[in-house]
Amino acid sequence: MTESVTLHREETKNVKWVGSRYPRKEDLRFVTGNGMYASDIRIPGLAHVAIARSPYASAKIKGIDKSKALEVPGVVAVFTGEEIVAELDPLPNLLPSPYDKVKDYGIAVDRVRYAGEPIAVVVAESNYAAWDAVEQLEVDYEPLSPVLTAKSGCEKGAPLVHENVPTNVVWQRKFTYGDVDEVFKTADLVVSKKFKWHRFTSAPLEPNVVVVDYDKRHVIFNIWSNNQRPAFNQAAIAKALRIDANRLHFISPDIGGGFGIKNENYPYIILLAVAARRIGRPVRWIETRTEHMVASAHGSEINYEGEMAFSRDGKILGLRAKAYHDEGAYMRREPIAAFNFIRHATLTYTFRNLEMDIYAVVTNKCPVGPNRSYGKMQQGFLVERLLELGAKKLGIDPIEIRLRNFVSSEQMPYETPTGAILDGGDYSRALKKVLENMDYAALVKERDRLRSEGKLAGVGISMGMDACPINFSSNRLINPKSTASGESEAAWVKIDEDGNISAAVGTSPQGHGHETVVSQIVADVLGVHPEQVYALPGFDSWTHPSTPHSGTYASRFAIAGASAVNEAARRVRGKVLRIAAFALKEDVENLELADGSVVSTKGKGKVPLKEVARLAWRDLANLPEDEEPGLYSNVIYKTPFKLPIDSQRGNFSLTYSYSACVVLLEIDPGTGVSRVKRVGIVEDAGNQINPLIVEGQVHGQMGHQLGAALYEDLVYDEAGQLLTATFKDYLAPTASDLPSYETGSIVVPSLFTPLGTRGTGEGGGAPLIACANAMDDALLPLGVEYDSSYLSPIKIRELVKSASGK
Amino acid sequence: MTPASFDYLSPASLEEALGLLKEHGDDAKILAGGQSLIPLMKLRFTSFPYVIDVSRIKELKYIRKEGRKLTIGALTTTAELEESGEVRDEFQIIHDACSNIADPLVRNMGTVGGNLSHGDPGNDLPAVMIALKARFNLQSASGKRSVSAGDYYKDTFTTDASPEEMLVSVEIEIPDGRFGAAYVKHKRRAGDFSVAGVAVAFSLDGSGRLGSAGVGLTSLGPTPLRSAGAEKALEGSKPDGEGVKKAVEAARADSNPSSDFYGSREYKLFVLGKIMEKCVAEAAGRAQKEGSA
């Protein structure tokens, strides 16, 4: 039986494994090449899929001649977009009318909207034959002029990316809090700046993979994929396939990194499902790296026009910004990145006046999708960059100005102007700690020494915030017709008849170590060793519990997943104690569960867990009369969320983990190349279930963030071709390109989660933003400012040359 | 990887390989380490009816040093060259380049002959061989000939070798007396192709002036380049004098880089100057130690 519960924070007594740096249980199989990935699935009769893609950013498809492709030896079938779509309904989107009519099937029909968009599905006996046939497909295109920036997409007379809706601005809203116009009129200082947030992606090592086997006897689609939240996506997939969602059987085995992008392979699940049903055979598609770069999902790309108002003593009075989001060709999760500013719009600061004017614009580029720190690092960038410029103009030390504006720990829980309720924390302590860890004075001295040698050097500081998980009532602010609210996660814990303990959660990990963390939590509640807990790997919708929110995204595991499994274990524990109490003729209050046995604290003996299990499953006449047999609990944890306060306010996340980062950047003025000489971070994830894993997450976000700042840039040419379609040109860093990280933590437990944990996987972008702030510091002696999240050597060299003449 | 289909041929000897080249001519492509050819085939940027895998030809896998002369078999891997003590101690410029080619995994596979014969202006060894005035020995079923490194590169991915010819070895001879050489590569990440690369080699006379000089350039034009202008400017000048500035100007004039997201033409030409100065200084430092390049 499944019940719905809401938990409240409580003291956890005798905690042993939770909080320890327990080595990851998964790692042995991963590092010895024994992971089980979607591409490892072998099914008799498997046919191979290659996707034919548009070479144009924008074009009409006047005709597709597949006759030559069908002649290629080994080809089984070729399905054009038109043939596939005949069996589909469009994928749903979040947009209000009339923009909900933007049609998205995951494949083009009569018009292509980005270079790399699927136009046909080729099925063959081998991958080689499939690609041979793709080359033989004859497509008659009529090229159209593409829209390649958000700003040009907004212009009057711009070509329409989707001709059935009135403009390319598919979502626009202005959010205003407090008295913005007044503070900007009366402020002592207003700084204004246009910033570019550049397009990049987290580039997981494993590209997308989908395997579909249609079982016509049972009318079931068996779907193996590396989708990171199949239970979440199943409603949209079922709707598109015009089938009941309980006919979809999802399996996500081990996943080689997701970072949000692997939410976005569901259009391919639909294409393959149609192909599998049509040919009556299982089909498999393995994305190539180039396909991944060109056509999976990119991180967001924004042009900001920002202003921040200050008082003379450095208090932030208000923020006003226009944000033009280049959304790419289809609105799959968007405009969530554009809207996500709202989760922690004011970051760690107390200012109350805010105006955000958001334009979500479709363009002829790869669709934007979730990408680690989705929409959150972007807002951090806007706030922190303007704050930095204000500090410089006011002549206030960058540390001091932050200390003057922080929400203090005494103010917690603190409600921000957008209605976010900050769940505790000590921002000034985190900042001071990272400065202390890094010996800030020495860092500044080193910067000055580098400058005296003729180099450019800068120290940059930034705060970052990772608001999570998602209260889906926020969708109501995007589209008033949305009826969603809250979020949930499911878990079960079972002790079988021999006393073996198993646990499962609906979170579909992508390398996060959930098997380890689940084992630690269950081990503590049931008084056993983590090795005695078998946490089911991956996700299988027939064995794992789930809810429509299940999956790993939005840094939600430590909140929703951990709370669900903790409660399921507690319920099983309760039952173990009741059955043991009955057997021992002892009160439950006098029993303890430790080292695999239930023990009476009053000396009335003990019962091994194994014996309790036998009683519960096998010796039913010896159970208390009102006790249901078995030791099993299935819990759906409801993250405690409310409806929005009004049409533009609400608490849309439960925890607000944060970090403080400091960077020493050295720039070669000759080549414009930046190098991070030192970087330190201190984060507060609340209570850490496994500090080793938290540290790993911090390293991961550091690599992604520094990579984005220093190396990674998705570049399109004037025709809308992605120039950075391989790892030769998309400069994802390797270990040898990155500095050592000096990490640290403080722990201020979350006020709102059962275990005092905060979600922290994504990070809030602090390392990237600190690099941008450091660049400005470095350029200060030249009297110029930098305006992008990407530290492009070429642009920096130009800037240095124009400022210094050298 | 899913290339278009091809016939795979795997000769055991040079003679057999040259026979196959004669037989298939333009329809065949030599596969050595696969560092460049495999990615091109994987992406289907190119395809050939026949791929002749020469990796079994052990007779082309050697490094021979006799006095100041170095002969390298074409199938020597860049890792073998990088790890050779003799090369590291006495031909440091070659070590500079080899240790900067891609990553160790690629260097374990990639060969000297492949690196030189692919004709990619971004490959590192051609500029080094141009600077060292190396000679490339080519062989076909009908004979042998030798061509200087500076004359080998005709266009992007096109060399002086005919479809029936194969590069079999490289010969380098450095003059007696003080001689210095270095290769400086500017790149974004470890393992990347260069934004620009410069190889310089020269003798140093008793008065500290440069004698005969060689200058090779990477990623600065449609082919690996020799800058005769820079060589001329360096000759007779001091390694820290005006001659270097003139050499930079001459090298810029001899270059013709295209603008891309690694840099505009102007940016690359600027970087060329920066690394050339560094390269000449490095080579001059080495020239102080007699008998080393």
Side-chain angles (χ1 to χ4, degrees), chain A residues 48 50 72-74 122 124 126-136 198 286 288-291 668-675 707 710-717 722-738 790-798 800-801 806, chain B residues 1-6 8 35-36 38-47 99-106 120 122-123 184-198 219 248 257-279:
Chain A
H48 302 259
V72 171
V122 175
S126 75
N127 213 9
Y128 299 96
W131 282 110
D132 287 347
V134 166
E135 287 189 330
Q136 295 303 319
H198 75 294
I286 301 176
T288 65
R289 175 61 55 187
T290 298
E291 288 180 289
D668 178 345
T671 59
V673 170
S674 308
R675 195 160 73 88
L710 300 170
Y711 296 105
E712 299 174 50
D713 191 17
L714 290 163
V715 184
Y716 282 89
D717 70 9
L722 185 70
L723 298 175
T724 49
T726 70
F727 277 155
K728 174 177 173 283
D729 297 322
Y730 185 74
L731 308 179
T734 62
S736 41
D737 303 303
L738 293 166
Y790 183 56
L791 308 185
S792 155
I794 302 158
K795 280 194 190 151
I796 290 159
R797 170 64 208 144
E798 279 168 10
V800 169
K801 195 181 172 195
K806 285 191 281 189
Chain B
M1 92 151 203
T2 49
S5 76
F6 57 87
Y8 174 82
Q35 149 180 13
S36 306
I38 297 281
L40 290 173
M41 289 171 68
K42 174 189 91 166
L43 296 167
R44 296 193 178 216
F45 287 160
T46 189
S47 68
S99 58
N100 266 298
I101 294 169
D103 53 50
L105 302 176
V106 169
D120 187 333
N123 278 359
V184 174
K185 173 178 181 176
H186 178 66
K187 60 186 175 179
R188 292 293 301 278
R189 295 172 302 181
D192 275 345
F193 281 92
S194 59
V195 175
V198 176
S219 299
V248 166
S258 53
S259 294
D260 55 31
F261 54 85
Y262 288 104
S264 60
R265 178 189 164 85
E266 192 194 4
Y267 176 82
K268 290 179 183 179
L269 292 177
F270 182 82
V271 169
L272 160 61
K274 288 278 155 192
I275 59 179
M276 189 150 182
E277 287 167 9
K278 198 174 156 188
C279 192

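Sequence lines set the chain letters: A, B, ... in the order given, protein chains first and strands last, and positions in each chain run from 1.
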Heavy-atom distance under 4.5 Å to chain B: side chain of [X], backbone, both or neither?
X       : answer
D729(A) : both
K801(A) : side chain
T671(A) : both

- Message: Does Y8(B), at its OH atom, have more than 12 non-hydrogen atoms belonging to other residues, nucleotides or ligands within less than 6.0 Å?
- Response: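 Atom OH in Y8(B) is packed in, count exceeds 12.
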- Query: At a heavy-atom separation under 4.5 Å, does L43(B) approach chain A through its side chain, its backbone, both, or neither?
  - Reply: side chain
- So which part of P39(B) gets closer than 4.5 Å to some heavy atom of chain A, the side chain, the backbone, both or neither?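 It is neither, since no heavy atom gets under 4.5 Å.
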- Task: Taking ring-ring contact (aromatic ring centres under 6.0 Å, His included) as the test, write out the residues that go with F270(B), two or more places apart.
- Result: none
- Item | Contacts of type ring-ring contact (aromatic ring centres under 6.0 Å, His included), residue H48(A), not counting sequence neighbours |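 Once residues adjacent in sequence are excluded, H48(A) has no partner under the ring-ring contact (aromatic ring centres under 6.0 Å, His included) criterion.
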Check [X] against [Y] and note the closest heavy-atom contact, atom names and distance.
X       : Y       : answer
I794(A) : F261(B) : CD1-O, 3.2 Å
R44(B)  : Y128(A) : NH2-O, 3.4 Å
Y262(B) : K728(A) : OH-O, 2.7 Å

- Heavy-atom pairs under 4.5 Å with chain A, option from G263(B), A190(B), G273(B) with the top count: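 Heavy-atom pair counts peak at A190(B).
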- Message: Test your reading of the model: is there a side-chain donor-acceptor pair from R188(B) to the backbone of L710(A), 3.5 Å cut-off?
- Response: yes
- With chain B, the option among L731(A), D737(A), T734(A) that has the most non-hydrogen atom pairs under 4.5 Å is L731(A)
- Message: Set out, in order, the CA-CA distance, both residues' side-chain angles and the distance that settles side chain to side chain contact (heavy atoms under 4.5 Å, CB included) for H186(B) and V673(A), then state yes or no.
- Response: CA-CA 10 Å; H186(B) 178 66; V673(A) 170; 3.6 Å; yes
